[in-house]
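Within every chain, numbering begins at 1; the chains are lettered A, B, ... in the order of the sequence lines, protein sequences first and strands thereafter. Atoms considered below: every heavy atom in the structure, side chains included; atoms not considered: hydrogens, waters and symmetry mates. Keep in mind it's a predicted model, so treat the numbers as computed, not measured.
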2 protein chains.
Amino acid sequence: MSSAANVAPAPTELTNRLGYLLKHAQMRLSELTGAALEPFGLNGRDLAVLIVLAEAGAESQQEAARRLGIDRTTMVAFVDVMEGRGLVERRTHAGDRRKNVVVLTDTGRDTLERATKAAEAAEQQFLAPLTKRAGQQLKSDLLAVIRS
Amino acid sequence: MSSAANVAPAPTELTNRLGYLLKHAQMRLSELTGAALEPFGLNGRDLAVLIVLAEAGAESQQEAARRLGIDRTTMVAFVDVMEGRGLVERRTHAGDRRKNVVVLTDTGRDTLERATKAAEAAEQQFLAPLTKRAGQQLKSDLLAVIRS
DNA sequence: TATTGTTATACTCTATAACTATA
DNA sequence: TATAGTTATAGAGTATAACAATA
């Protein structure tokens, strides 16, 4: 790997374009994660929504959407699906009756836990070509560029 | 950065999901690249297509689609747009008249060169939070996981 | 019969605009 | 008047199916 990193390919080479690398990395991870989550009837996006809803706690449905970076109208559909599967429940906010608080059911929490483990395994598979340290570095570097 | 990388956040934390990181990295890069390429009337995908067509040389339109990982019917539309802008020309393959060879015009080559530089600058901006070495490592690690 | 390019069509994902109920 | 949730609708991006020309 380190020798390959020193070669510095031409900018007009597809495999040297960051956009290409990110897109195809996402495609590959999506394949692996999709297969891993298939037994739960979820995909990677669904799991992300479930994670945020679990984190959001007493907050509103719209606040959860903001965290995910998706539109509130899109969130409605996601919550509909999750609710239809008995993973979450909508409850009216105590102090503001316009708001929905979305809470995980027992089934939802159990599914979240098991699906997260399956997704973790898919990530490990995805990162297998790298050392454990390099894999962690990849994630922390991605987080750094996102937050800038 | 290095201290943050040692904290190992919980799997059920959104910012620790690789899918989330890749998606949002792509969104951010897309913003920067979109702005950088806007003067050329191109976006990141258009540039990728142009790069592949430039690389493809005497090969067919369909071979270029395969390299990009997109459908041949999608490639038709891309080539239509590029041809409409005078960046490429379709020519019938000498040995197999079913095939199109897509070649860049002089304008196309010039645009490719300048747009690539602009996209490179956007990448640098995207990678600014990292050291130059870490940025190169990020790209080579992404390439490694894609190729596995 | 198989393949390339093309067209028409449909599907997925997401956002915008408008509605309602609450504030 | 403003905000949360919802609904209907539209748009971008992509793929699948069917067709003509060629192999």
dT6(C) phosphate, OP1 or OP2, under 4.0 Å from Q61(B) side-chain N/O: yes
Salt bridge E113(B)-R109(B), side-chain N to carboxylate O under 4.0 Å: no
Whole angstrom value for the distance that separates P of dG5(D) from CZ of R91(A): 16 Å
Distance-only donor-acceptor check, side chains E13(A) and T15(A), under 3.5 Å: yes
SB check E83(A) R85(A) (cutoff 4.0 Å): no
Donor-acceptor contact present, side-chain D141(A) to main-chain L138(A), <3.5 Å: no
Where at least one partner belongs to residues 118-130 of chain B, residue pairs that pass salt bridge (Lys or Arg N to Asp or Glu O under 4.0 Å), sequence neighbours excluded: R17(A)-E120(B), R17(A)-E123(B), E123(B)-K139(B)
Nucleotides 13-23 of chain D: protein proximity per nucleotide (B base, S sugar-phosphate only, - neither; heavy atom, under 4.0 Å): SSBBBB---BS
d(CG, N100(A); P, dT7(D)) in whole Å: 11 Å
Nearest-angstrom distance from the residue atom NZ of K99(B) to P of dT3(C): 11 Å
V101(A) backbone acceptor or donor facing Q61(A) side chain under 3.5 Å: no
side-chain N/O R90(A) vs dT6(D) OP1/OP2, d < 4.0 Å: yes
Distance test, side-chain N/O of Q62(A) to OP1/OP2 of dT3(D), below 4.0 Å: no
Whole angstrom value for the distance that separates C1' of dT7(C) from CE of M75(B): 17 Å
